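Bear in mind the structure is a predicted one, so any value in this text is a computation, not a measurement. Reminder, nothing fancy here: chain letters follow the sequence lines and each chain counts from 1.
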Amino acid sequence: MSRPDLNLLVTLDVLIAEGSVAKAARRLKLSPSAMSRALARLREVTGDPLLVRAGRGLVPTPRAIELGTDVGRLVKEAEAVLRPAERLDLKRLTRSFTLRNSDGFVENFGPSLLARVAEEAPGVQLRFVPKPDKDSAPMREGSVDLETGVIGGSTGPEVRAQALFRDRFVGVVRSGHPLCDGKITAARFAAGRHILISRRGLDRGPIDDALELAGLTRTIATVVGGFAEALALARGSDLKTIQAKPSACTGPAFLARSEGSGLLPGSARQNRNGRTRAEPDSHPASLR
DNA sequence: AACCACGATGGCATATGTTG
DNA sequence: CAACATATGCCATCGTGGTT
């Protein structure tokens, strides 16, 4: 049995990406006729038209769309295999990395991360961008190099994940808040008015689920999209809020900067189940 | 090593189809 | 009808494998 011509993978990758024989030919420095013949060979090998005429141009068939991601990944991996081995010199590396992080990451890890990058890779610039959702499309499209957050759903084989840290919830009230006096109980915590943090604007979260298990409910006075807004509101009111705090961090590095806010003492620092901010169980953050 | 046959590939020229 | 894009016939070139 003859082996398929693996060069056709590159041709298919470019054809699908460009959606045009002429453009693919220009990109691969071939004539349109040569590219057209390559497409004909691909059609013969795959048994699918792959790209069909639609007016003046071509449109991919469902099979071509299905193959698109796999082919692109295969070509990149093959190119990596065939590339001469070279040692990465961090001192001479000049480029920008885009990090898509959930709320609080920059405040917790930004300073030490930037300090280490400045020391080990002075030519590297870090761009922190917000993470409004769990959509991994920016990772796949290459507009984001690394993403941190709670692992959720399927990430696909092209995304690599690594556990970085676990975080937990801590309750936050202003300095001198009545809750700071005496023993913190679930009932005392639930009483009063709360700030709910929800990126998606939901009207309840995992804290409410946990309270419900204990037969308690809380009153949500306001919903905000991030921890910074919640801290600002808590600082200037009697409202209570919940903040995520990486357990790998020692000391109140994050919360200590919230002047006027007090860290709830004792067991109230962590919710009853030791939950992370988004899932019922503690989750490792993901590095993709 | 030199030669030859064969198949694969690509370029040129041209046909065909579509759009404005 | 012109312009553009794709498909195809014909030919040249190149690489490979077999033979001498």
Q.
Please determine whether residues A:Leu51 and A:Ile65 belong to a single hydrophobic cluster, defined as Ile, Leu, Val, Met, Phe, Trp and Tyr linked transitively by side-chain heavy-atom distances below 4.5 Å.
A. no
Is there any protein nitrogen or oxygen under 3.5 Å from a nitrogen or oxygen in nucleotides 8-10 of chain C, and what are the pairs?
| residue | atom | partner | partner atom | Å |
| --- | --- | --- | --- | --- |
| C:dG9 | N7 | A:Arg37 | NH2 | 2.8 |
| C:dG9 | O6 | A:Arg37 | NH2 | 2.3 |
| C:dC10 | N4 | A:Arg37 | NH2 | 2.8 |

Write down the distance between [atom1] ([X]) and [atom2] ([N]), rounded to a whole number of angstrom.
X       : N     : atom1 : atom2 : answer
A:Leu39 : B:dT9 : CG    : C1'   : 15 Å
A:Leu15 : C:dA7 : CG    : C1'   : 14 Å
A:Leu42 : C:dT6 : CG    : P     : 15 Å
A:Arg41 : C:dA7 : CZ    : C1'   : 14 Å

Q | Cationic N near anionic O, under 4.0 Å, A:Arg43 to A:Asp48 | A |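 No salt bridge links A:Arg43 with A:Asp48.
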Please list every donor-acceptor pair under 3.5 Å in which a side-chain atom of residues 213-224 of chain A meets a protein atom from a residue at least two apart or in another chain.
| residue | atom | partner | partner atom | Å |
| --- | --- | --- | --- | --- |
| A:Arg218 | NE | A:Asp208 | OD1 | 2.8 |
| A:Arg218 | NH1 | A:His194 | ND1 | 3.4 |
| A:Arg218 | NH2 | A:Asp208 | OD2 | 3.1 |

**Q.** By salt bridge (charged side-chain N to carboxylate O under 4.0 Å, His left out) - contacts of A:Glu120 (at least two apart)
**A.** A:Arg116
Q.
For a quick test of reading the model: is some side-chain N or O of A:Arg43 closer than 4.0 Å to OP1 or OP2 of C:dT6?
A.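 No, no such contact exists.
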Q | Heavy-atom pair with the smallest gap, counting every atom of A:Leu12 and A:Val71 | A |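 Minimum heavy-atom contact is CD2-CG2, 3.8 Å.
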**Q.** Which atom of A:Leu179 lies closest to which atom of A:Ile184, heavy atoms considered
**A.** O-CD1, 2.9 Å
